[in-house]
Amino acid sequence: MGRVQSPSSIKLYKQCPRKYYYAYILKLPTADNVHTIRGRIAHEVLEDFFDWNPDQLTSMNAEVLAHARVQELLIAKWTAAHAEVRKVMPEKELEITMFEETLLMLLGWSRKFVSRMRATGAPLPDAFRQLTPERELELVDWDLRCKGVIDAVHHTQAGVDIIDYKTSESQDIQEHTLQLAIYALLYTLKHGRQPRRVGINFLKGDEAYLDVDERLLALARREIEDIHSKTASQDKKDYPRCVSRLCKWSSGQCDFYQVCRPDLGID
Ligand code: SF4
């Protein structure tokens with residue numbers, strides 16, 4: 001059986017086939033950075049937020065309790081990841097800035113969640129249960145040889161909405177079309193029915209959605225088949241370099257820059 005692809009592996013190939021070769025054929029290690037560590041911690045907070053008994057929630061105290069829960073979880077996750085955090089954020093000022101920024105994002109998210117609970121018109125403990133999504137749902141399709149992990153699946157009266165959380169500055173959903181299309185396809189194949197929408201919750205902004213239709217599902221299928229055909233080889237020469245500003249920038253460089261050395265011009 002060939003390699004099982006994912007939205008990340010396809011994205012990496014599109015960014016630079018040589019980078020894919022180093023990561024998925026040679027399996028060279030990659031390093032975490034400030035954004036991957038912070039993103040992981042934020043995801044963990046949002047996942048665990050719902051493991052909570054909401055019986056004490058009322059319209060009066062919901063916002064305070066939700067904020068306190070987010071804060072408590074963030075401190076716990078940040079502390080647990082202390083070693084990794086210090087590795088990527090050696091300067092205390094940077095760590096404080098990132099912590100505060102993450103807290104603000106998560107508080108913004110919890111404020112909106114409380115509004116959504118209130119908007120249901122149901123008693124808040126019921127609204128909490130009603131709005132609790134399925135979380136970290138791993139979907140694999142062995143025929144397609146593709147997998148993905150969905151952050152949140154919301155079951156609404158209008159249909160199923162799939163959500164991915166992003167902590168990035170950019171809030172352009174089009175940049176994530178392929179990832180969302182793959183989630184929609186994997187969900188459809190597993191459940192035999194299409195989700196209604198797939199979207200991104202930009203934690204620094206709002207939610208944005210794409211409607212799921214045949215065109216979106218066909219895009220996912222096409223791209224998955226395409227990556228399988230392009231990555232059957234084990235030969236480095238079949239994975240050309242794509243030299244760009246993603247090789248080296250002012251504050252960092254590609255994980256494989258030292259093995260690749262695009263600056264030497266020798267392949
Ligand atoms: S250094 Fe540049 S060309 Fe080389 S693998 Fe990384 S992104 Fe690709």
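Residue numbers start at 1 and run along the sequence shown. Remember, it's 1-based here, ligands and their atoms both numbered in the order they're listed.
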Are the charged groups of [X] and [Y] less than 4.0 angstrom apart, N to O?
{"X": "Asp32", "Y": "Arg38", "result": "no"}
{"X": "Lys112", "Y": "Glu207", "result": "no"}
{"X": "Asp141", "Y": "Arg221", "result": "no"}

### Query
Would you say the side chains of Ser168 and Glu175 form a donor-acceptor pair under 3.5 Å?
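No pair is found: no donor N or O on one side chain lies under 3.5 Å from an acceptor on the other.
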
#### Entry: Atoms of type N/O/S from protein, distance to atom 8 (Fe) of ligand 1 below 2.8 Å
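Protein heteroatoms (N, O, S) closer than 2.8 Å to atom 8 (Fe) of ligand 1 number 1.
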
### Message
Working note: Lys87 + Glu84, criterion salt bridge (charged side-chain N to carboxylate O under 4.0 Å, His left out); need CA distance, chi angles, decisive distance, verdict.
### Response
CA-CA 5 Å; Lys87 212 185 270 177; Glu84 295 137 286; over 6 Å; no

### Task
Describe, in one word, how the ring planes of Phe99 and Trp78 are oriented to each other, choosing from parallel (under 30°), tilted (30 to 60°) and perpendicular (over 60°).
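The arrangement is perpendicular - the two ring planes meet at more than 60°.
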
